[in-house]
Amino acid sequence: MADIQKISEMARPKPPIGPAPYLQGLNPEQCEAVEALDGPVLVLAGAGTGKTRVLTTRLAHILNQGRAQPWEILCVTFTNKAAREMRNRVGSIIGDTVERLQWLGTFHSISAQILRRHAELVGLKSAFTILDTDDQLRLLKQVIAAENIDEKRWTARHLANLIDNWKNRGLGPDKVTEQDGWSFANGKGAKLYGVYQERLKALNACDFGDLLLHTLAIFLKHEDVLSEYHRRFRYLLVDEYQDTNVAQYLWLRLLARGSANLCVVGDDDQSIYGWRGAEVDNILRFEKDFPGAKVVRLERNYRSTEHILGAASGLIAANTSRLGKTLWTGDSGGEKVQVRGVWDGEAEARAACEEIENWHSKDNAYADCSVLVRASWQMRAFEERFIALGLPYRVVGGPRFFERAEIRDAHAYLRAVRSNADDLAFERIINVPKRGIGATSVQKLQTAARNMNVPLAEAVRHILATDEIGGKARTGLRTLVGDIDRWREIAKSLPHGELAEIILDESGYTAMWRDDKNPQAQGRLDNLKELIQAMGAFDTLEGYLEHVSLVSELDVERRDDDQISLMTLHAAKGLEFPMVILPGWEESVFPSQRSLDEGGKASLEEERRLAYVGLTRARQQAIIYFAANRQIYGRWQAVLPSRFVDELPPDHVEARADTGYYNQAGQHGQSGAAGNSVEETVSQFDDGRSTYASPGWKRFQAKKAAVKTIEGTARRVSANKESSNGLKHGMRIFHQKFGYGRIEILDGDKLTVAFEKAGNKKVMAGFVEKA
DNA sequence: TTCTTCACGCTTTTT
DNA sequence: GCGTGAAGAA
């Protein structure tokens with residue numbers, strides 16, 4: 001690698017190139033972070049403190065000062081999106097030079113780049129395929145089946161998680177002890193891991209974890225390769241350092257040995273990926289790991305109002321393992337964070353939509369609103385409500401384009417045509433569409449392939465020469481093999497987009513969906529069309545397949561429409577919105593019970609960080625909701641307000657139990673009339689008799705109500721409103737459990753409601769306002 | 001080989 | 001409460 005040496009020599013420090021106009025407008029801390037070019041730097045960047053700006057400016061500054069050439073800077077992010085944004089923003093400062101930043105990318109894409117150059121050092125060929133989760137699971141299933149393990153008791157998914165965890169921790173099969181593997185199939189875990197790795201090698205394939213792990217192994221075993229990269233990378237920049245796992249940490253440490261110029265940027269309070277191996281500890285330990293490191297704290301927040309920041313800071317202060325920051329803003333005032341208790345998930349969606357409509361009517365855009373949920377099942381109620389009211393919305397994240405079955409099938413066809421040895425792809429399409437090739441035939445083929453030590457597609461040819469497989473399966477296989485040969489032939493002369501179209505048509509794959517009566521079949525066909533279009537952006541089929549194996553979304557971002565954003569809290573990281581709705585702040589939902597069961601205190605702190613991330617997305621207004629009753633997996637459950645609600649500092653919060661009533665269209669009856677709610681009226685609450693854990697919020701329990709006419713005593717829920725305010729005789733009202741009803745008798749505080757349709761759901765509990 | 005029925009388990013998710 | 005996935009039935 002003499003070339004690289006030469007290039008490095010040529011690039012010895014040059015005098016600064018020119019003035020630095022890009023530094024203008026940065027605050028002193030930001031400048032410090034940009035200009036500290038010697039030695040390790042930790043930039044602790046709180047939410048909304050201009051983290052990306054610092055990172056991009058620093059990169060531009062390094063180039064402008066002549067400290068390094070573009071190809072001598074390693075800049076790592078976690079997501080493709082972050083890498084893309086970085087590239088764009090650096091480009092806007094330094095122009096075309098940005099094209100030469102070839103080491104700006106995700107941990108995985110950079111690792112893939114390195115690994116393709118040295119694949120043979122870990123027993124792979126440079127053209128190795130990168131498996132997706134689907135392929136990985138299919139392979140693991142085979143491995144488990146081959147070891148005669150009860151697949152129901154020990155699932156492939158379970159093993160996949162285990163292996164992922166090991167890989168996240170940088171452990172190869174040789175490093176995993178039997179003890180570690182004990183949690184799977186009575187100690188067989190470690191062995192299965194080894195078998196799986198062997199199979200991968202035989203297939204010339206990698207899973208995501210391997211990209212890092214193999215690179216790591218190369219760095220550790222081949223000092224010469226490592227020092228080649230040491231010479232190359234003069235500057236290292238890492239985004240979202242708090243999300244690095246052990247493997248990534250080791251990877252970085254090894255590379256950083258070559259240059260002290262490692263700069264990591266992150267926020268310990270926003271570490272929310274512990275469940276997939278991220279170690280907050282990495283950032284907490286940085287000063288110890290890299291002695292003499294300069295620590296720069298960015299604490300000036302440019303995003304949120306005083307109240308939002310105050311609420312978020314107060315909440316996160318309850319965490320113990322953190323470095324600690326004091327965010328401040330010049331933006332005083334603004335609205336307090338609203339906290340509302342509602343009846344159930346539907347009431348929550350109704351109330352939130354009302355809030356959004358209200359916001360929209362004040363000349364604000366829908367696109368400025370977002371609803372951030374803890375778990376994706378919470379989205380359903382909101383989607384239903386958005387559709388009912390005709391509000392424009394989009395779900396961010398959600399099912400990924402390249403993970404859809406039809407897209408994976410199409411890719412499998414392309415992979416099978418491209419390479420005869422891609423067993424997993426071949427296996428996937430062998431009976432899709434149905435060709436009469438069932439499990440038994442596939443079994444026979446696999447045995448044959450293993451015995452002859454050839455790929456599956458090759459085994460098919462051998463078997464067709466015998467009469468081991470007959471009937472429908474035989475004809476099916478013969479056509480498939482013939483088709484693949486023909487496609488392989490025309491692939492030489494045809495652009496890959498057209499090739500894909502031909503393959504999908506001739507294989508009968510498109511026809512399969514066209515004949516499907518399922519309403520979503522049309523959507524699948526549309527996706528296939530989109531796929532063919534997307535392929536056009538790549539010069540070669542190879543290039544396209546490499547791209548999709550490292551990326552989960554199509555690059556097209558549709559931001560132009562004025563839509564409400566609906567997403568999980570995890571998906572919201574890095575985004576901001578003037579108005580943020582935070583539903584489902586209930587114990588067991590948020591913090592998630594399951595998370596607490598698994599990880600105890602550490603998980604609770606991570607959930608709290610998630611709450612912090614949620615609040616700090618808001619620029620102007622944040623509204624938190626919690627319900628009294630929740631339907632989870634079809635079952636009603638009475639729930640308590642989240643402890644996070646109680647942890648919010650009172651000075652920055654305005655709390656009340658929201659108890660509106662609704663007319664037949666399900667719309668709010670009387671605006672602002674937080675009078676007695678229909679729910680309480682009809683269900684005879686017994687005040688304060690329930691088990692009650694949350695300080696401040698008083699819960700009352702209801703009796704089972706499965707009746708047509710319900711009578712009850714109206715109780716005041718909101719202290720400042722008369723009980724029967726706004727309710728009139730004959731008025732049609734809507735009740736979540738009982739459907740539409742009519743007020744029959746209205747006599748002072750007593751009223752009777754007759755429902756047209758009897759409900760049979762158990763009415764559980766409500767809340768009264770915080771005292 | 002494909003159709004039918006029952007049991008199970010169910011977060012967050014990038015690469 | 002619903003979708004998936006594996007085991008029996010046609």
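Naming: A, B, ... by sequence-line order, numbering from 1 per chain. The basis for the numbers below is simple: all heavy atoms, side chains too, and nothing from hydrogens, waters or symmetry mates. Fair warning: this is a prediction, and the values are worked out from it, not measured in the lab.
With B:dT1, B:dT2, B:dT15 as the candidates, the nucleotide lying closest to the side chain of A:N431 is B:dT2. The side chain of A:K141 sits closest to C:dA6 out of C:dA6, B:dT15, B:dT1. For A:S441, the listed nucleotide lying nearest its side chain is B:dT1; candidates were B:dT11, B:dT1, B:dT15. The listed nucleotides are B:dT11, C:dA6, B:dT13; the one nearest the side chain of A:H570 is B:dT13. Closest approach to the A:T440 side chain among B:dT12, B:dT15, B:dT1 is made by B:dT1 (side chain taken as heavy atoms from C-beta onward). Distances from the side chain of A:W275 to the nucleotides B:dT11, B:dT12, B:dT1 place B:dT12 closest. Of the candidates C:dA6, B:dT15, B:dT1, the closest approach to any side-chain atom of A:A473 belongs to B:dT1. Of all nucleotides listed (B:dT15, B:dT12, B:dC10), B:dC10 comes nearest to the side chain of A:R594. Distance from the side chain of A:R374 is smallest for B:dT11 among the nucleotides B:dT15, B:dT13, B:dT11.
Look at A:Y273 and the base of B:dT12; the rings do not stack under the cut-offs of 5.5 Å between centres and 30° between planes.
Place A:L610 and A:L211 on DNA chain B by their nearest nucleotides, and A:L610 ends up nearer the 5' end. Annotation: of the two residues near DNA chain B, A:T79 and A:L596, the 5′-most nearest-nucleotide partner is A:L596.
Between A:L74 and A:L104, every side-chain heavy-atom pair lies at or beyond the 4.5 Å cut-off.
Taking 3.5 Å as the limit, the base of B:dT13 and the side chain of A:R276 contain no donor-acceptor pair of atoms between them.
The CD1 atom of A:I437 sits 14 Å away from the C1' atom of B:dT2 (whole-angstrom rounding). Remark: P of B:dT15 and CG of A:D132 are 14 Å apart, rounded to the nearest angstrom. For the pair A:E403 CD and B:dT13 C1', the computed distance is 9 Å after rounding to whole Å. Put simply, CD on A:Q443 is 12 Å from P on B:dT1, counting in whole angstrom units. Going from atom CZ of A:F402 over to atom C1' of B:dT15 covers 13 Å, rounded to whole Å. B:dT13 atom C1' lies 13 Å from atom CD of A:Q136, rounded to whole Å. Rounded to a whole Å, the CG atom of A:D243 is 13 Å from the C1' atom of B:dT15. The distance between atom CZ of A:F107 and atom C1' of B:dT13, rounded to the nearest whole Å, is 17 Å.
At the heavy-atom level, A:S592 lies under 4.0 Å from base atoms of the strands shown. Counting any heavy atom pair closer than 4.0 Å across all strands shown, A:S549 reaches no nucleic acid atom. At a threshold of 4.0 angstrom between heavy atoms, the contacts of A:N80 are confined to the sugar-phosphate backbone, with no base atom among them. Nucleic acid contact for A:Q378: none, since no nucleic acid atom lies under 4.0 Å from a heavy atom of the residue. Residue A:S111 is out of contact with every strand shown, counting any heavy-atom pair closer than 4.0 Å. Nucleic acid contact class of A:K434 (heavy atoms, under 4.0 Å, all strands): sugar-phosphate only. The residue A:S595 sits close to a base: some heavy atom pair falls under 4.0 Å.
Judged by distance alone, with hydrogens and angles left aside, the side-chain atoms of A:E607 form a donor-acceptor pair with the main-chain N or O of A:S592 at under 3.5 Å. Of the possible donor and acceptor atoms, one in the side chain of A:N168 sits under 3.5 Å from a partner among the backbone N and O of A:R276. Checked by atom type and distance alone, the side chain of A:K51 never pairs as donor or acceptor with a backbone atom of A:V265 at under 3.5 Å. The backbone N or O of A:I316 sits nowhere less than 3.5 Å from a side-chain atom of A:R609 that would complete a donor-acceptor pair.
Considering only side-chain N and O atoms, A:S109 lies nowhere under 4.0 angstrom from the phosphate OP1 or OP2 of B:dT15. Neither OP1 nor OP2 of B:dT11 sits under 4.0 Å from any side-chain N or O of A:T568.
Under the rule for a ring-ring contact (aromatic ring centres under 6.0 Å, His included), A:W377 has no partner lying at least two apart in sequence or in another chain.
Taking the ring centre of A:Y196 as origin, the terminal cationic atom of A:R199 falls outside the region bounded by 6.0 Å and 45° from the ring axis.
With its glycosidic angle within 90° of 0, B:dT11 adopts the syn conformation.
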